[in-house]
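Chain A is the first sequence line, chain B the second, and so forth, proteins listed ahead of strands; every chain is numbered from 1.
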Amino acid sequence: MTEQLWQVHFKVHRQRTGGKPYVRTFTLDVDPEEYILDAVERIWALHDRTLTYRHACHHSTCGACGMRVNGREKLTCITTISSVTQNGGTVRIDPLRNFPVVSDLVVDMGNFFLRMDRSGFNSVAPLAAACLPYEQPLTAENSIDHEPERLVDCIECGLCISVCPAANTDKEYVGPAVLASLHLMYVQNPTQEFIDQADHHTGLWRCHSAYECTEVCPSGVDPAWRIMDMRKKVMSDRIKSIFRPRSSEKKNAQPA
Amino acid sequence: MPNQPEANNWPRWFDPRSRSLGTFGFILNRVTALGLTLYLLMHLIALGQLARGADAYDGFIALVKNPLFKLGELLVIAAGVIHGLNGIRIALNSFGIGVRCQKGTFIALMLIALFIIAFFTFKMFSEG
């Protein structure tokens, strides 16, 4: 806690399913080092019990509290108030983009979770696969008799889909998290199945290289790098196929 | 249920607020592509004047010598240069080249674009 409290105006998006959105302002005295989620919870607890929002772990592991803070996608449990405003300032809080709004700050992520599931996403992966090639992989401290594993970085918060300008233009685009998941699965098990799921006009080729997903990702997944790495693989396969005719077997995989 | 972008949200394609450099690249590519498509349409209309005889064509050429059209031509050059150079960045990235330094690549290519546009501005407007 810092000694001086700040007075901050929180402009919060309010909307019931199918209803017209509006903005309601709440003025709070806050510790500048508190998190945005703390302020949202205080608004709910002390000012308006009808406000709806999602939260769970409060330490950037569950991915539930993704919102837009002053227009930018943030995981609100790790975004300090001082990082987005100043004493006497205003903070605008909106739900994620490119998802249907269920109520206030809650969006329906059901389709996104289904697509992640279809991609084969597993939250535990071998250490070598879970780390990006340019990262320094951690070494297991104790000797173990099997390949070390770790939790993968993606927490399925959906910030990457919300910020993606391509997802804004095509509602069928599977989005960066799903493509990153397919890449992760392909690294672990390099079979054509994952390539076929990604190599689709609503998959790899819908990405317009804006790199916003990597910019907002709160856990360093680097979806853009993974998408480009998979594109490289597809392009290289296509070039090779010019010189080595492929079998007549037709691709029939569906996008994730 | 798909991602469901809001209906009639196309103005958001060009909204750079709260965005990082990559989206500026995305917006520039969209704007220049639309501009070049419009130019192609106008170019075809101009060529169509040939079918209407020499007088109609000469009249059209006299019209496009207007300084306003010259500015339009400069915009076409600018759009072509920006779209082409940005496209090179995206193509290289799609081959896995320069992905981690894409921001620097974008800035460098846009500086080159600025230099080329400045050169053409000087050439086109200094020679009368």
Chemist: Tell me the closest heavy-atom pair linking Trp225(A) and Arg100(B), and the distance in Å.
Modeler: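 It is CD1-CG, 3.9 Å.
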Chemist: Is Val163(A) close to chain B through its backbone or its side chain, or both, or neither, when contacts mean heavy atoms under 4.5 Å?
Modeler: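 Interface part for Val163(A): both.
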Chemist: Should we count NE2 of His9(A) as having more than 12 external heavy atoms under 6.0 Å?
Modeler: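 Yes, the 6.0 Å shell around NE2 holds more than 12 heavy atoms from other groups.
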Chemist: What part of Met228(A) lies closer than 4.5 angstrom to a heavy atom of chain B: side chain, backbone, both or neither?
Modeler: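 Its backbone and side chain both get close to chain B.
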Chemist: Chain A contacts: which residues in residues 102-119 of chain B have a non-hydrogen atom closer than 4.5 Å to it?
Modeler: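 From residues 102-119 of chain B, the residues near chain A are Gln102(B), Lys103(B).
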Chemist: If you count heavy atoms of other groups shown closer than 6.0 angstrom to OH of Tyr57(B), is the number above 12?
Modeler: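 Not more than 12 within 6.0 Å, no.
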Chemist: Looking at side-chain heavy atoms only, is the closest gap between Val99(B) and Tyr211(A) below 4.5 Å?
Modeler: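 Touching, per the 4.5 Å side-chain cut-off.
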Chemist: If you measure from CG on Leu21(B) to CD on Glu212(A), what distance do you get to the nearest 0.5 Å?
Modeler: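 These two atoms lie 9.0 Å from each other.
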Chemist: Quick check for you: to the nearest 0.5 Å, what is the distance between Thr169(A) atom OG1 and Arg30(B) atom CZ?
Modeler: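 Between atom OG1 of Thr169(A) and atom CZ of Arg30(B) there are 5.0 Å.
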Chemist: What do you reckon, is OH of Tyr35(A) surrounded by more than 12 foreign heavy atoms closer than 6.0 Å?
Modeler: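 Result for OH/Tyr35(A): open.
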Chemist: Provide the closest heavy-atom pair for Arg231(A) versus Ser94(B) in the form atom of the first, atom of the second, distance.
Modeler: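 Closest approach of Arg231(A) to Ser94(B): NH1-OG, 2.8 Å.
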Chemist: Of all the heavy-atom pairs spanning Ser209(A) and Ile90(B), show the shortest one and how long it is.
Modeler: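 Closest pair (atom of Ser209(A), atom of Ile90(B), distance): OG-CG2, 3.5 Å.
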Chemist: What part of Arg19(B) is in contact with chain A, defined as an atom under 4.5 angstrom from a non-hydrogen atom: side chain, backbone, both or neither?
Modeler: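 Both backbone and side chain.
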Chemist: Determine the minimum heavy-atom distance between Thr23(B) and Pro165(A), stating which atoms define it.
Modeler: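 For Thr23(B) and Pro165(A), the tightest heavy-atom pair comes out as OG1-CG, 4.0 Å.
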Chemist: With a 6.0 Å cut-off (strictly less than), is the heavy-atom count around CZ of Arg52(B), excluding the residue itself, greater than 12?
Modeler: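 No - once you tally the heavy atoms of other residues, nucleotides and ligands closer than 6.0 Å, there are 12 at most.
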Chemist: So which heavy atom on Ser20(B) is nearest to which on Glu215(A), and how close?
Modeler: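 Heavy atoms only, the tightest pair is OG-CG, 3.4 Å.
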Chemist: Tell me every residue that passes side-chain contact (heavy atoms from CB on, under 4.5 Å) with Cys213(A), counting only those two or more places apart in sequence or in another chain.
Modeler: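 Expected list: Cys160(A), Pro176(A), Pro223(A), Ala224(A).
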Chemist: Would the number of heavy atoms belonging to other residues, nucleotides or ligands and lying under 6.0 Å from CG of Asp55(B) be above 12?
Modeler: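 Open: at most 12 neighbouring heavy atoms sit under 6.0 Å from CG of Asp55(B).
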Chemist: Is Ile239(A) in contact with chain B via its backbone, its side chain, both, or neither, using a 4.5 Å heavy-atom distance?
Modeler: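 For Ile239(A), side-chain heavy atoms alone lie under 4.5 Å from chain B.
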